[in-house]
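Note sheet for the following structure.
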Amino acid sequence: MDALLKCENLVKIFTQGEKTIYAVKDCGMTVRKGEFAAITGPSGSGKSTLLNLMAYLDTPTSGNVFINGKNLSELKDDELSEFRNAEIGFIFQDFNLLPILSAKENILMPSLLSKNPVSRSYFNEIIELLGIGDRLEHLPSELSGGQRQRVAIARALINKPSVIFADEPTGNLDRENSAEIISLMMSLHSQGCTIIMVTHDMDIASKADTVYRMTDGVILKL
Amino acid sequence: MKTYLSYGVREMVKRKRLFLFIILSFTSVMIVGLNTGIFMYGFLQSRIEQAGQDYHFMLGRLDESDLEIIRSVDCVESVRGEEVSGTVTAYIIFKDDFAGKFKIYAEEVLEALDPWERIPYYHNEKIYYDAAGVTGFWFNPIYMESYNYNYLDISILITILFSFAASAGVLLCFHIKISSTTTEYGILSSLGMKKRQVFMINLLQLFICEAISFFIAFPISYIVMEVSSHIAKKNLYSLESNLFIVKIPYADVLFALIFMFAFIGFGIGLMLKAKLKMPINYVIKDIKNINVVYSGYSGKKFEQLAFESESEKDTSKSSIAPYINIYNKRNFYGIFYESMCRIFIMVLPIAAVVTSIFPLRPMIASTKYLNQEDCVVIDFIDTFNSNPISESVKEEILSVNGVVSYRPEVSNLTNETVVLHINLDPDLRDSALSEIEMICDENYLGFTNRYQITRNIVTQSSYYFTLYICEGIFLTICSGIIIFLLNTYVFSSRKPEFALIRVLGLKSDEIKKILMRDSILLLPAYVLSMIIYYPIMFKFFMMGEFDLNIFMYIISFGIIQAAVFFAVSLLSYRYNLRRFAKSSISENLNKSY
């Protein structure tokens with residue numbers, strides 16, 4: 001299979017006063033199209049930082065990220081925005097829904113920013129898949145944790161991205177909701193969706209095609 | 001008690017940027033309030049106490065022995081008698097120039113005289129009040145005379161008004177703080193903290209903020225007053241004692257501090273009551289009032305643009321506009337509070353300048369030719385000629401070396417008397433007077449030098465104008481600082497939202513559009529400020545004896561201030577956008593105070 005995402009020598013250094021912290025040390029990884037990759041590791045090991053670097057939500061101190069053959073570090077800010085809108089879906093641990101928008105509007109937000117609006121039939125398809133059809137007019141504050149995460153997943157899927165980055169998507173959910181969300185992610189994966197997920201839950205990671213372990217900023221393929 | 005108070009202090013240290021914002025706003029507002037108070041205090045004191053420095057007069061058949069009796073009364077500093085047609089006017093100066101005691105002193109003088117010589121007593125205080133245009137607006141001088149009110153009563157009233165406005169501004173800053181920490185109060189409540197203790201934490205923080213702000217604002221106000229007065233006095237011809245000198249009214253300052261603390265504390269109590277009345281679970285989640293306004297705007301345009309089948313999307317246009325519309329329409333309360341903040345900020349300094357300039361302005365206008373040092377008032381009386389002073393004579397007088405300008409005034413209906421207010425160069429005063437006397441003789445005109453009556457209403461308008469301009473500039477700077485901080489804070493609080501939309505594909509340039517639309521939305525606040533301010537100003541204008549210059553000054557000041565605020569807003573957005581662009585999206589996503 002073709003490589004969809006490729007990281008080369010990614011390094012991220014934070015400085016706190018005189019202290020230098022190597023959050024990500026010389027990371028390299030390749031994710032193929034349709035692959036489900038899980039990144040595990042203890043808290044503070046640099047998993048989320050790596051995910052942010054791969055999605056270019058954060059700029060690496062050095063190294064390159066390629067998605068669909070495009071070097072993200074060479075893209076201008078506007079091009080990067082368009083690329084993010086079209087090619088990347090992001091699911092956060094704490095949902096990050098816009099509180100002022102209803103569930104439906106949150107889901108449609110990437111489409112609003114896109115040059116290619118979504119079709120109503122695809123929207124309905126996602127809603128059906130995620131089972132949130134009856135909560136569309138509600139504000140995030142009126143939804144449960146599980147429902148919020150489903151809305152976040154729908155939002156990540158709406159522009160049919162090449163890759164979905166999920167940063168501990170079940171971290172704020174109970175066991176039941178976690179299982180449902182993971183089963184949803186698996187179903188997306190089975191439909192050909194490329195997923196890169198950060199999790200510290202080994203049970204979830206075991207369902208992935210490839211598992212990486214991160215310790216003190218260093219990544220290791222298991 | 002110690003535990004939760006130390007929590008309050010720790011919170012201040014942890015959220016130093018937020019508290020720095022409150023302290024700076026507090027300081028700026030306090031400087032504006034202090035300077036206004038000092039201005040008003042100076043004005044009131046000059047209006048009341050100057051009257052005391054001048055003479056009081058009594059009309060009657062007083063002889064030299066009566067004047068001696070008056071002179072012997074303890075409270076009397078000096079007496080001068082002047083006879084006109086058999087009536088002697090006694091001009092008295094009291095030792096103590098405190099206006100509140102004038103009536104008491106006058107009683108003492110009348111008691112000392114024989115009963116048949118206890119004639120009506122007058123003092124020129126009232127004349128000054130009338131000339132100052134104070135009557136009927138700030139306070140009624142007749143009441144003041146009757147009840148012996150003193151400046152402290154009135155300045156405290158004004159202090160209350162300004163402290164109220166300043167407190168309202170600070171309270172809105174505190175509202176931002178309380179809103180951003182509601183979740184924490186919920187958590188603390190769940191751990192067993194009482195509502196009263198949450199209130200005490202906020203009260204302690206208010207106290208610390210006020211104390212720090214005071215120690216910054218007080219010396220700054222003092223320095224600015226000193227510098228302003230120094231600059232204003234540079235081209236002064238008048239005697240310094242004839243001006244109102246700016247000095248800090250300590251009693252008023254203390255009163256204002258207590259009032260502001262009490263008022264803001266009360267407001268905080270109400271805010272907390274509203275926030276904490278929900279079940280703790282809701283407080284922790286900080287469920288806001290979005291629901292209330294949500295149904296008011298359905299965001300149909302948003303959907304139309306998001307679905308391809310329902311609209312032909314024009315990609316050249318901003319795609320973020322529907323989101324901005326939704327945000328603004330559903331965030332009614334947020335915009336309301338922000339607008340209120342701006343109205344207070346906009347109105348406060350301009351109100352400070354206007355309120356301090358207006359009561360004085362008619363006096364300045366009416367007395368600018370009556371300066372003892374550089375002016376002479378001449379009565380020209382000719383019973384045989386209905387127009388005793390011709391244009392040629394006026395021209396002749398104006399051509400005299402030392403005459404700067406003059407203002408003729410017909411003093412009665414028959415035009416028998418013309419009073420000419422001649423503005424003289426102080427250095428050429430004696431020679432100019434001799435020349436004018438010669439012109440009067442040549443033209444058979446009466447000449448009466450009566451400039452003495454004006455001693456204590458002498459003012460030099462340039463002094464006040466310089467003072468006002470210095471003050472105006474300074475107060476505008478203070479307000480500019482508050483606006484900069486407010487914009488910075490509002491931008492910072494929206495950083496996670498902007499970052500999230502960036503994750504979804506928003507271009508960084510489009511944040512500018514969001515800010516631009518926000519600014520447009522706040523325009524009504526600025527317009528409302530003007531609507532509050534200008535009619536009041538116009539009302540004053542119609543009431544007083546203003547000339548066009550002062551009107552233009554106020555209008556210009558308003559326009560300059562609006563331009564400065566607009567420039568500050570642009571600067572603050574530019575500054576914040578740059579900082580936002582420099583930091584990464586993931587960093588901004590997790591941003592909070």
Side-chain angles (χ1 to χ4, degrees), chain A residues 12 14 48-49 51-53 55-60 76-90 92 94 96-102 104-123 137-142 155-156 158-159 161 165 167, chain B residues 282 285-291 293-295 297-316 318-324 326-331 334 496-510 581-590:
Chain A
K12 183 69 185 177
F14 293 110
S48 295
T49 308
L51 202 72
N52 286 334
L53 293 176
Y56 238 73
L57 301 187
D58 201 351
T59 30
K76 287 177 188 164
D77 193 57
D78 280 1
E79 290 169 339
L80 207 54
S81 294
E82 282 175 18
F83 186 84
R84 223 182 267 126
N85 178 258
E87 306 290 342
I88 296 174
F90 214 104
F92 299 92
D94 45 8
N96 276 343
L97 297 177
L98 292 159
I100 208 97
L101 300 182
S102 66
K104 188 182 195 176
E105 289 157 351
N106 262 296
I107 296 167
L108 289 173
M109 191 67 195
S111 175
L112 184 83
L113 297 167
S114 165
K115 284 180 178 173
N116 306 305
V118 67
S119 70
R120 194 172 275 275
S121 59
Y122 178 65
F123 174 80
E137 301 304 326
H138 290 258
L139 290 169
S141 58
E142 298 164 334
R155 183 179 65 184
I158 199 76
N159 277 354
F165 292 98
D167 188 0
Chain B
Y282 280 61
K285 285 178 185 167
D286 189 18
I287 293 172
K288 296 194 175 76
N289 289 326
I290 292 168
N291 295 332
V293 287
Y294 169 55
S295 56
Y297 188 74
S298 64
K300 279 182 183 162
K301 184 79 180 165
F302 188 103
E303 274 186 44
Q304 275 174 16
L305 285 169
F307 287 124
E308 63 181 359
S309 57
E310 292 171 28
S311 72
E312 283 295 318
K313 193 167 182 175
D314 182 358
T315 49
S316 65
S318 169
S319 53
I320 197 68
Y323 172 73
I324 301 171
I326 285 187
Y327 180 88
N328 290 335
K329 284 173 182 165
R330 289 183 189 165
N331 187 32
E497 176 203 342
F498 291 151
L500 180 60
I501 311 175
R502 292 271 286 137
V503 174
L504 304 179
L506 182 82
K507 293 172 187 168
S508 58
D509 263 9
E510 288 188 300
K582 272 185 186 174
S583 49
S584 70
I585 293 176
S586 62
E587 193 186 328
N588 285 315
L589 259 178
N590 301 319

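Every chain is numbered from 1 and lettered A, B, ... according to where its sequence line falls, protein lines coming before strand lines.
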Is there a side-chain contact between B:Arg502 and A:Ser81 (heavy atoms, below 4.5 Å)?
-> yes
State, with a plain yes or no, whether a side-chain heavy atom of B:Lys507 is found less than 4.5 Å away from one of A:Glu82.
-> yes
Heavy-atom distance under 4.5 Å to chain A: side chain of B:Leu500, backbone, both or neither?
-> side chain
Checking heavy atoms, do the side chain of A:Leu97, its backbone, both or neither come under 4.5 Å from chain B?
-> backbone
Contact origin within A:Phe83 toward chain B - heavy atom pairs under 4.5 Å | neither
How about A:Phe90 and A:Leu57: do any of their side-chain heavy atoms sit closer than 4.5 Å?
-> yes
Ionic contact status for A:Asp58 with A:Lys12, cut-off 4.0 Å | yes
